[in-house]
Every structure is written in structure tokens, then in C-alpha cells.
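Report on the structure given below.
So you know, we letter chains A, B, ... as the sequences are listed, proteins then strands, and number each from 1. Everything numeric here is computed off the predicted structure, so don't read it as measured data.
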Number of protein chains: 2
Amino acid sequence: MPKNPQPELAPVDRAILRLLAADGRMPNNAIAEAVGIAPSTCLSRIRALRERGVIRGFHADVDPAALGLGIQAMIAVRLHAHTRGAIEAFTAEVPSLPGVLAAYHLAGGDDYLLHIAVPDTDALRDFVLEHLTAHPAVAHTETSLIFAHLRTTPWS
Amino acid sequence: MPKNPQPELAPVDRAILRLLAADGRMPNNAIAEAVGIAPSTCLSRIRALRERGVIRGFHADVDPAALGLGIQAMIAVRLHAHTRGAIEAFTAEVPSLPGVLAAYHLAGGDDYLLHIAVPDTDALRDFVLEHLTAHPAVAHTETSLIFAHLRTTPWS
DNA sequence: GTTGAAATGATCCCGGC
DNA sequence: GCCGGGATCATTTCAAC
């Protein structure tokens, strides 16, 4: 029985991930102390986690409302043709659409969910009309306002 | 004409946010140099952004698949009663459900979207049956597998 | 993989503007 | 507000295990 190519994550690595998911700017030596290893060891483990892609990056969580984007919505999108080309073309354009926070490519009845942030409802309408319904690959959209958005880190 | 209580974000603050959204571990002095201010000034501006809630936090972006959660899904949930009590009760429980990455409380036909990560399809079925359909407030659910998940930072 | 120790580099407070 | 300088603290390298 060959060894797992993606070996079990060591408990100490999980502890590091838990801390960094909670506070991405926690100093390396504080993490080292919290998990019980030397700072130099901790540094090399964090580097390895980044290189292996376990940690994909570190990001500030910015409140969109503070930037004048006070309204968030989720837009379900159905495309006309489910060809690889149409999907790839749409996928390629999505990140450049203004106000898109996230895009989910789904396997269900809808093809995409777009999570967007806009200044006001006029901008929301304009977004849908200009970038979605006017798009040749888009067959149908359905927009829902987002009242609240909770993020959690299940492994922390 | 009174001054805006949430005054326009200074261009230098926007530049700082753009950098920290892209790399949450960028050193303060590197940010200071990039935006053209002194490190001490930069530090105080970042602190002010945190205290004002513009920056809500810093987090490592961890790949769920690396933790054994190789399947992601979006589950649309409708509740029976749209009373404040039912919604608040459900909202309170959602963050403690295993594998929940995010919950969106919507204004549309569905009440919630749950973004979850699980090890396999068995765990997905168990999640829906144990935590959603068995819940007294839940009227209906609809699960879609997530093929891809793109995150963007529109202001960067 | 882990470590301690030493050099480099960053944070952060404060006095002055 | 913004800055400079200096004390404190963190990161990073490296030789040794």
C-alpha cells in the first residue's frame, strides 16, 4: 500500500492553519509559541504550507460598504449553451465585471452564482442589464438581495 | 451642508486597502513606501481603518481540499415560517454546522444559501439530512455542487 | 524536521512639526 | 494630521543536530 501522496496534515500544521485563518497577521513567533515549536521551525512549516497550496494567500477582509458599495446581491445565471467554449468565455469575463466579489460555477439548474456589491439599486439594475442580460451566452438571471453574509472557518 | 459623517475614504487609504486585500501580510513599511507616506503614518492609517471597521480582519485563505474537504456545495434553504424568531434561530445555528464556509441570508425566493465543504458525497447527504431537512424550521432545500469558486477583489 | 543564536529587518511609540 | 529616529520586537538565515 503506497503512502498517500498528500499525506495527512500534521496536527501542528492544522493548529497553525487555525491560528492564521483566525488572524492572518499573527506574528510568526507568536504562532510558534502557541503551537509549541521554535520560530524557525514554524516559519519553515508556514512556507511549506504556502508552497503546497494549503495556504493560498493572506487577505485583508474589507467592508464593501466602507467603499461605497452598500448593497450586495446574489445573481443566479443560466447560460444558453452548455458548451465548454461558452462556459469558459463567461468564466473569463466574470472577474472583470465591476463589483463582482465571487463567482460560483455550479452543477445544478443554474450555471453560475455571482456575488456582487454595488453602490445602490440603480447600479444593481445596470449591472444585470448591461453585463448579464445583454451577454449573448446568458439565457436567464435571477437576482436576490443579500440581507446578511456570515463567514465561518470550520476548521478553526 | 454638513460634512459627511463617513467622509470619503482618502485615496491613500484606498491604495492601502488595495495592497492589503491583495497581500494581507505585506509589511507596513513596504505599504508605506508603495503609497508614498512614512511608515509611522501608514501604521496609524491602517489602525484607523481597522478601528473604523473598514478593515474587518486579516485571514489566511486555506484550501479546504487540503484539509480533506474535497467537495463543495451550495445549498438553497427555504424556511417554513418567516418570523423573526425562526430566522434568528436558524441564523444562530448555522455557524456551528460542520463544514459551513459561508451563509447568505437572502431576500428572494430562498431564505438562505449555505456554502459548505465536505469530505465526500456521503457527508454531503448526511449534512442535508441531519442538519437541514431534520430541522423544524426548514421547509425545503436544493443542493448544487460547486465546480469552481472564483474570488475577486473589485477595488484592487 | 528541528533547533538556537545572530544579523537583518519591521513595528511602534513619542517628541516635534 | 504627518514625520523621523530610536527602542523593542519579529523575521530570516544558517550551522549543527
Worksheet item: Where along residues 30-46 of chain A does a heavy atom fall under 4.0 Å from DNA chain D?
Response: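 Residues of residues 30-46 of chain A under 4.0 Å from DNA chain D: A:S40, A:L43.
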Practice prompt. Please list residues of residues 15-24 of chain B whose heavy atoms come under 4.0 Å from any atom in DNA chain D, ordered by number; otherwise none.
Written response: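 Heavy-atom contacts with DNA chain D come from no residue of residues 15-24 of chain B; none.
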Is any side-chain heavy atom of [X] closer than 4.5 Å to a side-chain heavy atom of [Y]?
{"X": "B:T41", "Y": "B:V12", "value": "no"}
{"X": "B:L106", "Y": "B:D111", "value": "no"}
{"X": "B:Y112", "Y": "B:I75", "value": "no"}

Show every donor-acceptor pair shorter than 3.5 Å between a side-chain atom in residues 95-104 of chain B and any protein atom, with sequence neighbours excluded, or say none if there are none.
unit_1 : atom_1 : unit_2 : atom_2 : d
B:S96  : OG     : B:E93  : O      : 2.7
B:Y104 : OH     : A:Y104 : OH     : 2.9

Side chain [X], main chain [Y], donor-acceptor under 3.5 Å:
{"X": "B:R25", "Y": "A:M26", "answer": "yes"}
{"X": "A:N29", "Y": "A:P39", "answer": "no"}
{"X": "A:R45", "Y": "A:D13", "answer": "no"}

How close do [X] and [Y] get, heavy atom to heavy atom, and via which atoms?
{"X": "B:T152", "Y": "B:P154", "value": "O-CD, 3.7 Å"}
{"X": "B:P64", "Y": "B:A117", "value": "CB-CB, 4.1 Å"}
{"X": "B:G53", "Y": "A:D63", "value": "O-CB, 3.5 Å"}

Worksheet item: What are the 5'-most and 3'-most nucleotides of DNA chain C lying under 4.0 Å from any heavy atom of chain A?
Response: C:dG1 to C:dT11
Worksheet item: In terms of ring plane angle, is the pair A:F90 and A:H135 parallel, tilted or perpendicular, where the classes change at 30° and 60°?
Response: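 Taking A:H135 first and then A:F90, their aromatic rings stand perpendicular (interplane angle over 60°).
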Ignoring hydrogens and angles, write down the donor-acceptor pairs under 3.5 Å from the side chains of residues 118-129 of chain A, residues two or more places apart or on other chains.
unit_1 : atom_1 : unit_2 : atom_2 : d
A:D120 : OD1    : A:D122 : N      : 3.2
A:D120 : OD1    : A:A123 : N      : 2.9

Worksheet item: Which is the 5'-most and which the 3'-most nucleotide of DNA chain D that has an atom under 4.0 Å from a heavy atom of chain A?
Response: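 With heavy atoms of chain A under 4.0 Å away, the range is D:dA10 to D:dT13.
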